[in-house]
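Throughout, protein chains are lettered first and strands after them, A, B, ... in sequence-line order, and every chain is numbered starting at 1. Values below: all heavy atoms of this structure, side chains included; hydrogens, waters and symmetry mates excluded. Since the model is a prediction, treat every value here as computed from it, not as a measurement.
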Amino acid sequence: VVSWNTLMAGYAAQGLDEEALNCFHQMQLDGVSPDVVSWNTMICSYGEQEDNEKAFNLFAQVQDQGLLPNSVTFVSILKACGSVAALKAGKTLHSQVVRVDGFEAMEVSLATALLDMYCKCGSMVDAHQVFDAMLTRDVVTWNALIAGYARQVAYKIVFDLFERMREEAKQPDAVTFLNVLTVCSHVGLVNEGYKYVEAMGREFGVAPSMKHHNCMVDLYSRAGQLGEAVVMLEKTPTQPD
RNA sequence: UCCGUUUUUG
């Protein structure tokens with residue numbers, strides 16, 4: 001079953017979900033029962049193709065067959081909920097995972113996926129509650145919440161969260177800075193944007209990538225500072241990240 | 001063997 005799963009995951013990683021599904025069928029013809037990893041791989045693959053309907057169908061089949069979903073299964077299906085803003089389904093899953101293991105036992109990645117789902121459904125109160133309840137958070141958790149507020153253009157909260165990361169000695173990464181710069185660009189905060197992009201390399205040791213430069217080009221352009229935008233464009237690294 | 005956060009054009 002591990003070999004089949006590896007093959008399926010290989011197809012899925014290439015976006016070849018038809019081929020992955022063929023494997024899923026073929027293994028059964030060969031007398032190998034798919035395990036939870038096989039199901040997760042398919043659900044994830046559909047999620048990445050934005051084929052959320054199929055992802056939901058597979059998840060329903062997992063439950064119908066009485067198979068036990070694991071945390072990766074929940075993460076994958078929560079992602080599908082987020083991308084179609086299915087808040088009600090998301091809340092059902094939330095109570096389901098809490099019922100199974102309790103919130104305390106939840107893996108950081110699962111709690112973060114839950115938080116992210118609430119953000120993408122526009123329910124920042126729920127998202128923040130999950131965040132507050134978490135005993136362990138990693139940089140992805142922080143990034144998910146910051147991205148949520150950035151989407152709401154709540155720049156003050158974004159800056160506060162960034163400051164709180166510093167206070168708690170959490171190291172921001174390239175994604176943290178992207179989210180912060182994005183909100184600067186959407187609000188038109190040129191000075192703040194410059195401040196962050198300058199600090200990221202100097203103070204935090206995170207080299208501004210092509211994406212960060214694109215963000216700054218956008219920020220300057222929207223603000224009508226075309227000269228600065230051109231300077232940024234010329235400084236942009238050519239490697240895509 | 002399978003997971004979570006990401007800018008602009010949108």
Output the rounded distance in Å from [atom1] ([X]) to [atom2] ([N]).
{"X": "A:Trp4", "N": "B:rC2", "atom1": "CH2", "atom2": "P", "result": "17 Å"}
{"X": "A:Arg151", "N": "B:rU7", "atom1": "CZ", "atom2": "C1'", "result": "12 Å"}
{"X": "A:Asp173", "N": "B:rU7", "atom1": "CG", "atom2": "P", "result": "13 Å"}
{"X": "A:Tyr155", "N": "B:rU7", "atom1": "OH", "atom2": "P", "result": "20 Å"}
{"X": "A:Tyr149", "N": "B:rU5", "atom1": "OH", "atom2": "C1'", "result": "15 Å"}
{"X": "A:Leu189", "N": "B:rU7", "atom1": "CG", "atom2": "C1'", "result": "16 Å"}
{"X": "A:Tyr11", "N": "B:rC2", "atom1": "OH", "atom2": "P", "result": "16 Å"}
{"X": "A:Met117", "N": "B:rU5", "atom1": "CE", "atom2": "C1'", "result": "15 Å"}

Got a donor-acceptor contact below 3.5 angstrom from the A:Asp138 side chain to the A:Thr141 backbone?
yes
Just call it for [X]: base, sugar-phosphate, or nothing, with non-hydrogen atoms closer than 4.0 Å on any strand.
{"X": "A:Thr176", "value": "nothing"}
{"X": "A:Val108", "value": "base"}
{"X": "A:Leu181", "value": "nothing"}
{"X": "A:Ser109", "value": "base"}

Under 3.5 Å, is there a donor on one side chain and an acceptor on the other for A:Asn143 and A:Asn179?
no
Could you verify whether a donor N or O on one side chain and an acceptor N or O on the other, from A:Ser45 and A:Asp17, lie under 3.5 Å apart?
no
Nearest to side-chain heavy atoms of [X], which nucleotide of [options]:
{"X": "A:Glu48", "options": "B:rU1, B:rG4, B:rU5", "answer": "B:rG4"}
{"X": "A:His186", "options": "B:rU5, B:rU8, B:rC2", "answer": "B:rU8"}
{"X": "A:Val2", "options": "B:rG4, B:rU6, B:rU1", "answer": "B:rU1"}
{"X": "A:Cys215", "options": "B:rU7, B:rC3, B:rU6", "answer": "B:rU7"}
{"X": "A:Lys211", "options": "B:rU9, B:rG4, B:rU6", "answer": "B:rU6"}
{"X": "A:Thr182", "options": "B:rC2, B:rU8, B:rU5", "answer": "B:rU8"}

Do A:Tyr46 and A:Phe59 make the cut of ring centroids closer than 6.0 angstrom?
no
Can you tell me how far [atom1] in [N] sits from the matching atom in [M], rounded to whole Å?
{"N": "B:rG10", "M": "B:rU6", "atom1": "C1'", "result": "16 Å"}
{"N": "B:rU8", "M": "B:rG4", "atom1": "C1'", "result": "24 Å"}
{"N": "B:rU7", "M": "B:rC3", "atom1": "C1'", "result": "24 Å"}

Side-chain touch A:His186/A:Tyr155, heavy atoms, less than 4.5 angstrom:
no
Checking only heavy atoms, does the side chain of [X] share a donor-acceptor pair with the base of [N] at less than 3.5 Å?
{"X": "A:Asn214", "N": "B:rU8", "answer": "no"}
{"X": "A:Asp218", "N": "B:rU8", "answer": "no"}
{"X": "A:Thr112", "N": "B:rG4", "answer": "yes"}

Taking ring pair (Phe, Tyr, Trp, His ring centres under 6.0 Å) as the criterion, tell me which of A:Tyr149, A:Trp142, A:Phe177 meets it with A:Phe162.
A:Phe177
Indicate whether OP1 or OP2 belonging to B:rU8 is found under 4.0 Å from a side-chain N or O atom of A:Arg222.
no
